[in-house]
There are 2 protein chains.
Amino acid sequence: MSADIAAIRQFNRTVTRRLGVLNEKYLGRDRPLAESRILFEIGSKGAPVRELRERLGLDSGYASRLLRALERKGFATTASKAGEDGRAKFARLTRSGHTEVRRLNALSDDLAQSMLEPLTREQAARMVSAMTEVDRLLRASGIELTPVDPRSAGAQWCLGRYFDELSSRFPEGYDHGADGATDLDDFRPPRGCFLVASLFGGSVGCGGIRTLAPRMGEIKRLWVSPQVRGLGVGRRLLEALERVGRERKMRRVRLDTHESLTEARHLYRSSGYKEIAQFNDNPYAHHWFEKTLE
Amino acid sequence: MSADIAAIRQFNRTVTRRLGVLNEKYLGRDRPLAESRILFEIGSKGAPVRELRERLGLDSGYASRLLRALERKGFATTASKAGEDGRAKFARLTRSGHTEVRRLNALSDDLAQSMLEPLTREQAARMVSAMTEVDRLLRASGIELTPVDPRSAGAQWCLGRYFDELSSRFPEGYDHGADGATDLDDFRPPRGCFLVASLFGGSVGCGGIRTLAPRMGEIKRLWVSPQVRGLGVGRRLLEALERVGRERKMRRVRLDTHESLTEARHLYRSSGYKEIAQFNDNPYAHHWFEKTLE
DNA sequence: GGAAATATCTGACTAAAATCAGGCAATGAG
DNA sequence: CTCATTGCCTGATTTTAGTCAGATATTTCC
């Protein structure tokens with residue numbers, strides 16, 4: 001275990017030295033690195049200022065200043081989107097901003113190339129596959145679960161994605177209205193809890209637990225963003241929700257699922273859930289599960 | 001290939017975001033990060049100021065300032081070592097500097113721990129082994145070969161290590177004097193060339209080529225530091241020296257080696273060298289090789 | 001011994017990164 | 001309609017990082 005920690009520290013040292021040097025050399029050449037980073041984050045489709053700040057971990061004043069600098073240089077514009085919250089602003093790249101991002105992308109490619117160059121073909125292949133693995137697992141380990149109000153922006157965003165996905169995966173489609181009007185307040189303390197999984201300031205999953213009856217909980221709305229599937233986020237959410245249930249003195253938790261959601265069914269089975277008889281009249285449920293909490 | 005580059009860029013993004021945040025959170029809490037880094041580099045045994053500067057890539061003025069700051073805070077002292085070059089200074093930790101480094105080490109361990117924590121046992125094991133691999137190969141790709149004067153500090157340092165190693169590996173020991181006084185000037189242009197391999201500002205390997213006769217070169221002093229063995233540095237040095245030979249219009253290169261240096265012999269064979277009859281009277285040589293340059 | 005080179009230090013300076021307090025406009029709850 | 005909140009902006013200010021041109025002391029080369 002302590003050998004693991006030594007290995008991670010060694011990795012940390014090497015990587016920050018090597019990437020730090022290269023990043024500055026390639027991307028911070030004639031402009032502050034923070035400006036390049038924010039240009040990247042805006043991306044071709046633009047992004048809400050709010051999100052830029054969160055993703056890069058910037059103070060709102062500082063973020064504003066950087067955007068203003070980009071505006072002065074003619075690389076980006078920010079404006080509030082018509083129809084949406086007029087306070088929130090949205091940053092977009094201008095034409096020359098796009099050009100600039102392409103230039104940065106080319107530099108970034110050179111940077112990557114320069115890391116491969118000195119290696120033999122075999123070493124390069126091994127490095128790339130190890131990097132892919134580290135990237136995957138580092139993202140997994142960077143995901144944090146936070147209890148939030150189910151009406152909060154993050155929770156709402158996840159639920160939106162979740163319902164979209166149900167519509168596209170259920171052969172019969174999905175109508176949120178028909179899904180027995182679930183009261184969001186059920187997922188707020190003290191009757192329940194709603195968790196959001198987040199990575200680098202963005203939401204990548206959610207799940208809620210509510211009280212069905214005394215000592216009996218129900219888990220619903222368990223969703224994991226496609227970009228982080230296979231990293232064990234679903235299981236972490238499930239286990240965290242069960243922990244909440246235990247704290248609330250629940251003895252059993254139930255949940256239901258649609259036939260087409262096979263990964264979910266697999267997750268539930270392997271987490272100790274047993275299939276039981278139908279316990280509700282959810283028109284989209286085909287399987288009903290229950291687990292006794294220790 | 002372009003997929004490889006995309007993978008590296010993704011790795012770069014994830015890693016700088018994740019490690020950057022954690023490093024600042026853990027190590028830069030109440031002091032500039034550069035100060036923490038320099039404290040680390042001084043280490044428990046102390047270090048020459050020169051080396052600190054090189055390892056961290058700092059301007060001499062800036063390094064001096066940082067050391068002064070640490071001195072003011074009572075964490076380190078710098079003084080010239082008695083008996084050694086009076087211009088060069090040596091930095092040491094004070095008692096409270098040691099305490100501070102221990103504190104930083106503990107934080108660093110926590111940091112590593114925090115990366116493992118959210119993962120399952122299996123994921124953690126995979127991440128650690130992938131990190132070890134990335135670290136190895138990133139160090140390999142960070143190694144640069146530079147032609148230098150064989151009398152330069154870097155070259156001399158490597159040669160010192162090299163001769164030390166010969167003394168400890170040859171059963172009969174090694175006396176540099178007996179090794180047919182090789183003139184260092186032979187390895188300077190235009191008659192020859194001396195390469196040093198360096199990583200993060202430190203020297204980790206070397207090798208030289210000189211002119212034995214018109215159109216005939218000899219490679220000598222090929223050495224790779226134990227800390228970077230197995231990364232292909234020896235082969236890179238050898239190939240670079242051959243390239244120099246080609247540029248100098250040499251048609252063939254020769255070299256000799258001691259019986260006990262089996263890895264070297266393996267390297268030469270697999271690089272296209274053929275064993276030939278004894279061509280010199282080096283008392284420490286048992287095998288003589290030659291390769292025709294294309 | 002004198003000139004050139006080396007190793008560090010100092011002062012003056014700049015740029016980048018970041019924080020803080022206050023301000024304004026849009027929004028939402030009551 | 002009012003008032004607290006939210007999202008962003010501005011000006012003032014600080015900290016961190018880094019550069020550059022000498023200054024000083026020591027060593028090395030001739």
Side-chain angles (χ1 to χ4, degrees), chain A residues 16 20-21 23-25 27-39 42 47-54 56-73 76-91 149 151-154 156 201, chain B residues 16 20-21 23-25 27-39 42 47-73 76-92 149 151-154 156 201:
Chain A
T16 49
V21 169
N23 276 330
E24 273 154 45
K25 183 169 157 207
L27 304 179
R29 198 138 33 185
D30 44 1
R31 129 187 30 270
L33 221 162
E35 267 181 49
S36 293
R37 287 196 307 158
I38 217 168
L39 267 180
I42 295 175
V49 171
R50 166 72 179 251
E51 222 176 288
L52 293 175
R53 248 183 13 231
E54 277 175 358
L56 297 172
L58 303 172
D59 166 276
S60 78
Y62 187 31
S64 167
R65 221 168 291 281
L66 287 170
L67 284 169
R68 204 73 352 91
L70 290 177
E71 222 157 73
R72 262 201 315 283
K73 296 180 185 172
T77 56
T78 65
S80 45
K81 261 181 154 177
E84 311 228 325
D85 186 329
R87 291 166 301 182
K89 301 222 177 158
F90 195 87
D149 189 298
R151 296 182 191 287
S152 69
Q156 286 298 311
Chain B
T16 49
V21 169
N23 276 330
E24 274 155 43
K25 182 170 156 204
L27 304 179
R29 198 136 37 183
D30 44 359
R31 130 185 33 268
L33 223 159
E35 267 182 46
S36 292
R37 287 196 304 160
I38 217 169
L39 268 180
I42 295 174
V49 171
R50 166 73 180 249
E51 224 177 287
L52 294 176
R53 247 182 15 231
E54 277 176 357
R55 286 210 294 247
L56 297 172
L58 303 172
D59 167 274
S60 76
Y62 186 30
S64 167
R65 221 168 292 281
L66 284 170
L67 285 169
R68 203 72 359 84
L70 290 177
E71 223 157 74
R72 262 202 314 281
K73 297 181 186 173
T77 56
T78 65
S80 44
K81 263 179 151 176
E84 311 230 323
D85 186 331
R87 293 166 300 181
K89 301 222 175 158
F90 196 87
R92 286 180 189 291
D149 189 297
R151 297 185 189 286
S152 70
Q156 286 298 311

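In what follows, chains carry the letters A, B, and so on, assigned in the order in which the sequence lines appear, proteins first and then strands, with residues in each chain numbered from 1. The model shown is predicted, which means the values in this text are computed figures rather than measured ones.
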Participant: How does protein reach along nucleotides 15-23 of chain D, written 5' to 3' as B (base within reach of a heavy atom under 4.0 Å), S (only sugar-phosphate), or - (no contact)?
Facilitator: -SSBB----

Participant: Can you tell me the distance, in whole Å, between the CZ atom of B:R68 and the C1' atom of C:dG11?
Facilitator: 13 Å

Participant: Can you check the A:L56 CG to C:dA17 P distance for me, whole Å?
Facilitator: 12 Å

Participant: Please report, to 0.1 Å, the donor-acceptor pairs under 3.5 Å made by any side chain of residues 59-67 of chain B, with sequence neighbours excluded.
Facilitator:
| from | atom 1 | to | atom 2 | distance (Å) |
| --- | --- | --- | --- | --- |
| B:D59 | OD1 | B:G61 | N | 2.6 |
| B:D59 | OD1 | B:Y62 | N | 3.0 |
| B:S64 | OG | B:R68 | NH1 | 3.3 |

Participant: The criterion is side-chain contact (heavy atoms from CB on, under 4.5 Å); which residues satisfy it with A:R151, sequence neighbours excluded?
Facilitator: A:D149, A:D183, A:L184, A:D185, A:R188

Participant: Could you walk me through whether B:R92 and B:K81 satisfy the side-chain contact (heavy atoms from CB on, under 4.5 Å) test, starting with their C-alpha distance in whole Å, then the side-chain angles of each, then the deciding distance to 0.1 Å, before giving a yes or no?
Facilitator: CA-CA 11 Å; B:R92 286 180 189 291; B:K81 263 179 151 176; 3.8 Å; yes

Participant: Rounded to the nearest angstrom, tell me the gap between atom NZ in A:K81 and atom P in D:dC8.
Facilitator: 13 Å

Participant: Check every strand shown and say whether B:T78 touches a base, only sugar-phosphate, or nothing at a heavy-atom separation below 4.0 Å.
Facilitator: sugar-phosphate

Participant: Sort me out a list of protein N/O and nucleotides 5-7 of chain D N/O pairs below 3.5 Å, or just none if empty.
Facilitator:
| from | atom 1 | to | atom 2 | distance (Å) |
| --- | --- | --- | --- | --- |
| D:dT6 | O4' | A:R87 | NH1 | 3.3 |
| D:dT6 | O2 | A:R87 | NH1 | 3.1 |
| D:dG7 | OP1 | A:R50 | NH1 | 3.0 |
| D:dG7 | OP2 | A:R50 | NH1 | 2.9 |

Participant: If the condition is side-chain hydrogen bond (donor to acceptor under 3.5 Å, both in side chains), which residues does A:Q156 pass it with, not counting sequence neighbours?
Facilitator: none

Participant: Could you walk me through whether A:L52 and A:L58 pass the side-chain contact (heavy atoms from CB on, under 4.5 Å) check?
Facilitator: CA-CA 8 Å; A:L52 293 175; A:L58 303 172; over 6 Å; no

Participant: On a heavy-atom basis, which atom in B:S80 and which in B:A88 lie closest, and how many Å separate them?
Facilitator: CB-O, 3.4 Å

Participant: What pairs with B:K73 under side-chain hydrogen bond (donor to acceptor under 3.5 Å, both in side chains), at least two apart in sequence or on another chain?
Facilitator: B:E35

Participant: Atom CD in B:E51, atom CD1 in B:I42: separation rounded to 0.5 Å?
Facilitator: 12.0 Å

